[in-house]
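Structure, as structure tokens:
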4 protein chains.
Amino acid sequence: MSGTDSKRERILAAALDIFSTQGFANATVQEIAGRAKVGKGTVYTYFPAKEDILTYLLDEGLAHMGQHIGNRIRTVKGSATKLQAILREQLRYFHEHQSLCRLLAREAWGHDYASDSLAQRIRSSYIGMLQEVIEKGIKEGELRALDSETVATALYGMTSIVALYAKDLSCEKALERIEMTLQELFFGGITLSPATMQEA
Amino acid sequence: MSGTDSKRERILAAALDIFSTQGFANATVQEIAGRAKVGKGTVYTYFPAKEDILTYLLDEGLAHMGQHIGNRIRTVKGSATKLQAILREQLRYFHEHQSLCRLLAREAWGHDYASDSLAQRIRSSYIGMLQEVIEKGIKEGELRALDSETVATALYGMTSIVALYAKDLSCEKALERIEMTLQELFFGGITLSPATMQEA
Amino acid sequence: MSGTDSKRERILAAALDIFSTQGFANATVQEIAGRAKVGKGTVYTYFPAKEDILTYLLDEGLAHMGQHIGNRIRTVKGSATKLQAILREQLRYFHEHQSLCRLLAREAWGHDYASDSLAQRIRSSYIGMLQEVIEKGIKEGELRALDSETVATALYGMTSIVALYAKDLSCEKALERIEMTLQELFFGGITLSPATMQEA
Amino acid sequence: MSGTDSKRERILAAALDIFSTQGFANATVQEIAGRAKVGKGTVYTYFPAKEDILTYLLDEGLAHMGQHIGNRIRTVKGSATKLQAILREQLRYFHEHQSLCRLLAREAWGHDYASDSLAQRIRSSYIGMLQEVIEKGIKEGELRALDSETVATALYGMTSIVALYAKDLSCEKALERIEMTLQELFFGGITLSPATMQEA
DNA sequence: CATGAATGAGGCTTCATTCAT
DNA sequence: AATGAATGAAGCCTCATTCAT
């Protein structure tokens, strides 16, 4: 689990670190190479251009996130329960991968003219999945008949922004509390429903 | 509000346009000056540096948004109703000021090393306000006792991301439908509560 | 005649010097700027790219040479006499513009893939002119009926290579002697004529 | 002439191809190795540096050309006839070795500061030979008493430039016609000598 | 005030060369 | 002997900023 620490991996890790903190445009290849402990030229042995590192990180990150969360919820039955699991896993994932989360937030909106492609891809590849779960839940009568696309986007926005802002409260306790709050909010709403309220 | 519509305003408008579409780092002062129909040197008559235009836009934008929404909800009574108004106004504001919204999303996360300041400022100046309203609502028994900071952040995240992703669905109809969905979700939750639920 | 020593002219002069001695590829923009006494960036105010300086020099040089020689021979009557004048002027021109001559010799053969364009242009714009004069001379019975294109090219090759190799013998005397030799050779041939001469 | 056709020869052939079409400076060792079907490192087993390949090619080429032409004219008697043979063989050689011809044209004029050496070497090793033949011819009364150095250089310039420009007319027919033209021109001159002249 | 020509620091990228295998 | 991964020096070009007009 540590032998694959090849140069390529080191470059990617370094780039992720730097891109996510300083932004793609402010990062220099020199710095990436330095942190990865390789020569500047070596970066170009593995990636044709600086931009390609970013593209790779975003693609890979998105795919990894999708797979990771997908795996975690595969066995969960019931749409509501599944959504619950998704919210939890997504929040955790973003929390554990702050860098990716920051990268997605920062660079999603077109770093190269006409490349809203990333936003598009997030929508299609990830939000699309959420939407399906929600629609299934609605059809099966487990969830309210709200516009699924909007709800899915809202869920994504909620968790990502909260995860980003929660970076200060990085102790585990806080995360659990935050998750509970979001679950309550997302499933039950903020209103104090006169009678009862639904469970987590 | 009188005659200062000239150069300074034009520069700011041009910069907002360009920063929000291409990102701060990819924008050139040349291009800003060009779109503002002023000479490149003139930009420096009004702003000490390129970065200061961004700073000003973010500060101003944040303040304007706060004031705008503040004005709209001042007369609204009741915490829940107030929150409802906030959600509506926020969504509309972001929708009408896509550029600012994109700018906040893009540049919030530290465009210069020490400046998580922006995220901080958003939190303190805007999310703080939301938080207060929510806490008041909880105290007054109108809202559920959830962690107010998390809820406020979630509300902010929800609306901003939805507004950003909704740029395609830019017809008014869509916006109303989206707002309704978010209201339902935020106040009532996604779960199909057996009992009741409130309308927008 | 000295006031037009603008930055642009200085850059061109510097580039011509350097390109012709070191070759285009070995020249650095830094060095050009240095010799032109301008900042490195200034070069790019006047030319979009290093390559464009070369292109401009070659185009301009070719045009200038054509005009210069054209002017000198305009009033000369008779094809043979005209050719004589051309040979003289061309040799002198190359001798006085060694740099351009070297540039033409060095960079004519495709410095950018597929751009035999320069060789083509030399052929069409300059050698073409020679060819016409020769053909006219043949038609009028002043010159022998040889293949005009080959003769024109040979004339061009003769003068340019001799001018290049003659750079050591740069005293005026030598040049006159060289010219005379070429005139004799080109018009009369190397064979000791009246009496005998051999067949091909 | 036996088994050494392998790597070293392949590298030289590849380099000649590439240098002559793209120029020395634009060629990469990578590309040379690729075309020679050897590893990049292997090139350095045979040559200390990229530049040395060029040097070798030029030296070798010059020597080979000298020998080749030398062989062909060894048995020819009479200075004029010998010169005739030289012109023919030189033209043919350049035509068949376009690559070398281009290389000589491109890189002769100082690819490295102190190396007018190549031009010098061409002059001494090759043009020198022509000069001797011419001088002998003059002494023996077969040729006109023109400046032999200039004539030799002119002959060299004539044939090389014509050969280069003739690359389009690469059919054998054309070559013969070109050769004949040059022979007529060089030996008889362009002037229509009132008395006699030879036919095509 | 307004302007844009001038500048040079700084970034991305290429590529000759080395060296461990 | 043969290889190609690794490297960093070096070059082209961009662009924020200045300043003389």
Side-chain angles (χ1 to χ4, degrees), chain A residues 6-8 10-11 24-34 36-54, chain B residues 6-8 10-11 24-34 36-54, chain C residues 6-8 10-11 24-34 36-54, chain D residues 6-8 10-11 24-34 36-54:
Chain A
S6 68
K7 297 221 170 76
R8 191 166 200 276
R10 295 213 306 274
I11 291 168
F24 172 76
N26 293 318
T28 74
V29 173
Q30 184 88 243
E31 195 180 356
I32 295 171
K37 310 263 193 189
V38 299
K40 192 179 10 159
T42 307
V43 173
Y44 289 87
T45 319
Y46 292 95
F47 299 92
K50 183 190 169 193
E51 175 109 25
D52 294 303
I53 309 179
L54 175 61
Chain B
S6 42
K7 314 225 161 140
R8 190 164 204 275
R10 293 213 308 273
I11 291 168
F24 173 76
N26 292 319
T28 72
V29 173
Q30 183 86 244
E31 197 180 355
I32 294 171
K37 311 263 193 186
V38 298
K40 194 181 6 164
T42 307
V43 172
Y44 287 85
T45 312
Y46 293 95
F47 299 93
K50 183 190 170 194
E51 176 110 26
D52 295 305
I53 310 181
L54 175 62
Chain C
S6 67
K7 297 221 169 79
R8 190 165 201 276
R10 295 213 308 274
I11 291 168
F24 173 75
N26 294 318
T28 73
V29 173
Q30 185 87 244
E31 195 179 355
I32 294 171
K37 309 264 193 189
V38 298
K40 191 181 12 159
T42 306
V43 172
Y44 290 89
T45 317
Y46 293 95
F47 298 94
K50 183 191 169 193
E51 175 109 26
D52 294 303
I53 309 180
L54 175 61
Chain D
S6 43
K7 314 228 162 139
R8 189 164 204 277
R10 293 211 309 273
I11 291 169
F24 173 75
N26 293 320
T28 72
V29 174
Q30 183 85 246
E31 195 180 355
I32 295 170
K37 310 261 195 191
V38 300
K40 192 178 8 162
T42 307
V43 173
Y44 288 86
T45 313
Y46 293 95
F47 299 92
K50 183 190 168 193
E51 176 110 26
D52 295 304
I53 309 180
L54 176 61

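Just so it is clear, the structure is predicted and the values come from calculations on it, not from any experiment. Note on naming: letters A, B, ... go to the chains in the order of the sequence lines (proteins, then strands), and numbering restarts at 1 for each one.
Across the protein-nucleic acid pair, D/Tyr44 atom OH and F/dA6 atom C1' stand 14 Å apart, rounded to whole Å. Atom CG in C/Asn26 sits about 20 Å away from atom P in F/dA9, given to the nearest Å. One interatomic measurement links the two molecules: CG of B/Asp52 to C1' of F/dA16, which rounds to 12 Å at whole-angstrom precision. The distance from atom CD1 of D/Ile32 to atom P of F/dT3 is 15 Å, rounded to the nearest whole Å. The separation between B/Phe24 atom CZ and F/dC15 atom C1' is 12 Å, rounded to whole Å. In this structure, CD of D/Gln30 is placed 9 Å from P of E/dA16, rounded to the nearest angstrom. As a whole-Å value, the separation of D/Lys50 NZ from E/dC15 C1' is 8 Å. A straight line from CG of A/Leu54 to C1' of E/dC12 spans 15 Å, rounded to a whole angstrom.
With both pairing distances under 3.5 Å, F/dA1 is matched to nothing as a Watson-Crick or G-U wobble pair. Figure legend. F/dG11 is base-paired to E/dC12; pairs are counted as Watson-Crick or G-U wobble with both atom distances under 3.5 Å.
At distances below 3.5 Å, not a single donor-acceptor pair connects side-chain atoms of D/Lys37 with backbone N or O atoms of D/Arg10.
Within 4.0 Å (heavy atoms only), D/Tyr46 reaches sugar-phosphate atoms of the nucleic acid but no base atom. Among the protein residues, A/Val38 comes within range of the sugar-phosphate backbone only, with heavy atoms under 4.0 Å from sugar or phosphate atoms but none that close to a base. Residue contacts shown for B/Ala33 are absent, as no nucleic acid heavy atom lies under 4.0 Å away. Contact annotation for D/Thr28: backbone-only contact, meaning every heavy-atom pair under 4.0 Å involves sugar-phosphate atoms and none involves a base. Contacts of A/Gly39 with the nucleic acid, taken as non-hydrogen atoms under 4.0 Å apart, involve only primed sugar atoms and P, OP1 or OP2.
Mapping B/Lys40 and A/Ala25 onto DNA chain E by nearest heavy atom places B/Lys40 closer to the 5' end of the strand. The nearest heavy atom of DNA chain F to B/Ala49 and to C/Gly41 marks one nucleotide each, and the one closer to the 5' end goes with C/Gly41. Comparing C/Lys37 and D/Val29 by the nucleotide of DNA chain E whose heavy atom lies nearest to each, the residue mapping closer to the 5' end is C/Lys37. Heavy-atom distances to DNA chain F give each of C/Ala27 and D/Val43 a nearest nucleotide, and the one nearer the 5′ end belongs to D/Val43.
Note that CG of D/Asp52 is 16.0 Å distant from OH of D/Tyr46, once rounded to the nearest 0.5 Å. The structure places CD1 of D/Ile53 at 9.5 Å from CZ of D/Arg8, a figure rounded to the nearest 0.5 Å.
Closest heavy-atom contact between C/Ile11 and C/Ile32: O-CG2, 3.9 Å. For B/Lys40 against B/Ala33, the heavy-atom pair with the smallest separation is CA-CB, 3.7 Å.
You'll find that the side chain of D/Thr45 is closest to F/dA1, out of E/dT3, F/dT17, F/dA1.
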